[in-house]
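Lettering follows sequence order; numbering is per chain, from 1.
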There are 2 protein chains.
Amino acid sequence: MSLRYALLGLTAAFPSTGYELARIFDRSLDYAWHASHSQIYPELKRLSDEGLVEVVGEGARNSKSFAATAAGRQVLREWLVETEPVRKVRDESSLRLFLTSLLEPADRLTVLRRELAHLEAHMEELDRLAKETASRATPSAFASMIDLGQRVMPVTRGWLLDAIAQAESGLPDALT
Amino acid sequence: MSLRYALLGLTAAFPSTGYELARIFDRSLDYAWHASHSQIYPELKRLSDEGLVEVVGEGARNSKSFAATAAGRQVLREWLVETEPVRKVRDESSLRLFLTSLLEPADRLTVLRRELAHLEAHMEELDRLAKETASRATPSAFASMIDLGQRVMPVTRGWLLDAIAQAESGLPDALT
DNA sequence: CCTTGACATGTAAAACTCGACATGTCAATT
DNA sequence: AATTGACATGTCGAGTTTTACATGTCAAGG
């Protein structure tokens, strides 16, 4: 149900094609809400049928730009302002980190190091995105989410480093 | 697909009934992976049919305690060690925070303040859980996840406070 | 004894999500 | 002229998740 609000928000901020929306999810929204094109296109169609978004332009290769209508913006506003937030997070990485503590040190290290590599790759990606966003006058929605990511990820990274250090010190084979 | 690994991990750490598992998801795992009892019971049955968990005791009110079998632990280990992590996060709160930047300051404040209240409630809950966990010798898996939460949440809180301050200063009606 | 509330387990239909398949456009290189 | 790769949109079946329904136990208090 949240997908539709994500799409309403993005198309309210700037008209986008389904393809562009999929790109945005992939590059900027993936740590908040993941969606693939096979979900995005049908949902755009539904939103369009309900008059919450409309086609505002057609480009090359049969592409269509969608923008949220007044009704769509209203629906989005109501959801944001009036719905109680629910916490039903699904984050495989967090789950992995939790479960990793059940492994023996050697395996644990393997998993923690891979998670660290992933996180660091993501952090670099975010930094690139931050620079990009800073140069062109992109909507501030991204800027503040990037900022949140840049604040949170180093903390997670610190935790991972600590966990790795602990696993290393607890490694029975470390000295053999 | 992650649910089964969560269940394998929890039942590997200590035998649990479906009810207890649902409680754990609700209280400790909800910011990593959410699942409700209507998913947990059928999945336990499947795991049991596949020999990955087994009934290790029966208690009052028809309750059954499950524990991961050797095969179950092996399946869990393989998943953790050999599967590349994927990032397909679904977190409604993060999405809300992102979308909130599209609202006008007054509405934005409403939403941000509610998110802040939720976060602070969650932080208190975590603190309670931390004390509880510290007193009895609960498996360290929880302790380290609680630690992660206690590191990350204050950062998110700081971001929220900044966003609120910014929305307040940008409020056109603030001085009227 | 009766009621309430926490404990405890399940099912089924509807909704949502994923991965694979399918099709086609357009620009740049070879 | 043909190939390649990014652009672009879609569908379908299988699998996952949610919401609502459904049933029953047990302890404590009135």
Side-chain angles (χ1 to χ4, degrees), chain A residues 1-8 10-11 15-27 29-30 32-50 53-66 79 83-92 95, chain B residues 1-8 10-11 15-27 29-50 53 55-66 79 83-92 95:
Chain A
M1 216 46 207
S2 294
L3 173 63
R4 68 170 27 210
Y5 301 112
L7 293 177
L8 283 172
L10 290 170
T11 57
S16 316
T17 66
Y19 189 81
E20 287 164 347
L21 290 166
R23 277 246 158 306
I24 292 168
F25 273 94
D26 246 24
R27 301 188 51 203
L29 269 184
D30 51 356
W33 198 267
H34 169 85
S36 59
H37 79 275
S38 62
Q39 247 192 302
I40 291 168
Y41 288 117
E43 188 64 38
L44 279 174
K45 174 125 184 25
R46 265 192 297 277
L47 287 167
S48 176
D49 290 346
E50 293 171 38
V53 302
E54 60 186 349
V55 176
V56 292
E58 310 201 4
R61 292 167 231 193
N62 307 321
S63 71
K64 285 171 287 182
S65 285
F66 293 89
W79 181 70
T83 310
E84 272 305 299
V86 288
R87 204 179 45 226
K88 292 181 188 174
V89 178
R90 283 222 159 67
D91 180 355
E92 200 183 280
L95 178 61
Chain B
M1 216 46 206
S2 294
L3 173 62
R4 68 170 27 209
Y5 301 112
L7 293 177
L8 283 173
L10 290 170
T11 57
S16 317
T17 66
Y19 189 81
E20 286 165 347
L21 290 166
R23 276 246 157 309
I24 291 168
F25 273 94
D26 246 25
R27 300 188 52 205
L29 268 184
D30 51 357
Y31 64 99
W33 198 268
H34 170 85
S36 61
H37 79 275
S38 62
Q39 246 191 305
I40 291 168
Y41 288 117
E43 187 66 37
L44 279 174
K45 176 126 183 21
R46 265 192 297 276
L47 286 168
S48 175
D49 289 347
E50 294 171 37
V53 302
V55 176
V56 293
E58 309 200 6
R61 292 167 232 191
N62 308 321
S63 70
K64 284 169 289 181
S65 285
F66 293 90
W79 181 70
T83 311
E84 273 304 300
V86 288
R87 204 178 45 224
K88 291 181 190 173
V89 179
R90 283 224 159 66
D91 180 354
E92 199 182 282
L95 179 61

Check: With a 3.5 Å cut-off and just heavy-atom distances, do the side chain of A:Ser36 and the base of C:dG19 make a donor-acceptor pair?
Finding: no
Calculate the interatomic distance between [X] atom [atom1] and [N] atom [atom2]; express it in whole Å.
| X | N | atom1 | atom2 | result |
| --- | --- | --- | --- | --- |
| B:Ile24 | C:dC7 | CD1 | P | 13 Å |
| A:Lys45 | D:dG10 | NZ | P | 9 Å |
| B:Phe25 | D:dT16 | CZ | P | 14 Å |
| B:Glu92 | C:dC16 | CD | P | 13 Å |
| B:Asp26 | C:dA8 | CG | P | 15 Å |
| B:Glu20 | C:dG10 | CD | P | 14 Å |
| A:Leu7 | D:dT9 | CG | C1' | 15 Å |
| A:Leu44 | D:dG10 | CG | P | 8 Å |

Counting only side-chain nitrogens and oxygens, does [X] get under 4.0 Å of the OP1 or OP2 atom of [N]?
| X | N | answer |
| --- | --- | --- |
| B:Lys88 | C:dG19 | yes |
| B:Gln39 | D:dT18 | yes |
| B:Tyr19 | C:dC7 | yes |
| A:Lys64 | D:dC7 | no |
| B:Arg23 | C:dC7 | yes |

I want to verify a distance call: between [options], whose nearest atom is closest to the [X] side chain?
| X | options | value |
| --- | --- | --- |
| A:Trp33 | C:dT17, D:dT16, D:dC12 | C:dT17 |
| B:Tyr41 | C:dG10, C:dA6, C:dT17 | C:dG10 |
| B:Leu3 | D:dT17, D:dC7, C:dT9 | D:dT17 |
| A:Arg61 | C:dA6, D:dT17, C:dC26 | C:dC26 |
| A:Asn62 | C:dC7, C:dT25, D:dT11 | C:dT25 |

Check: Under 4.0 angstrom, heavy atoms only, what part of the nucleic acid is A:Thr17 near: base, sugar-phosphate, or nothing?
Finding: sugar-phosphate
Next item on the list: Would you mind classifying the nucleic acid contact of B:His34 as base, sugar-phosphate or nothing, using non-hydrogen atoms under 4.0 angstrom?
Entry: sugar-phosphate
Notebook entry, point to check: Any side-chain heavy atom of A:Leu10 sitting closer than 4.5 Å to one from A:Ile24?
Noted result: yes
Note to self: Check this for me, if you would: do B:Glu43 and B:Arg46 make a salt bridge, where the nitrogen-to-carboxylate-oxygen distance has to be below 4.0 angstrom?
What the structure shows: yes
Next item on the list: Give a yes or no on whether the backbone of A:Lys64 and the side-chain of A:Tyr19 come within a donor-acceptor separation of less than 3.5 Å.
Entry: no
Notebook entry, point to check: In this structure, which one of A:Thr11, A:Thr17, A:Val53 forms a side chain to side chain contact (heavy atoms under 4.5 Å, CB included) with A:Ser65?
Noted result: A:Thr17
Item checked: Of B:Arg90 and B:Ser63, the one whose closest DNA chain C nucleotide lies more 5' -> B:Ser63
Checklist line | OG-CZ distance between A:Ser2 and B:Arg90, expressed to the nearest 0.5 angstrom | finding: 9.0 Å
Notebook entry, point to check: What is the minimum heavy-atom distance between A:Ile40 and A:Gly18, and which atoms define it?
Noted result: CG2-O, 4.1 Å
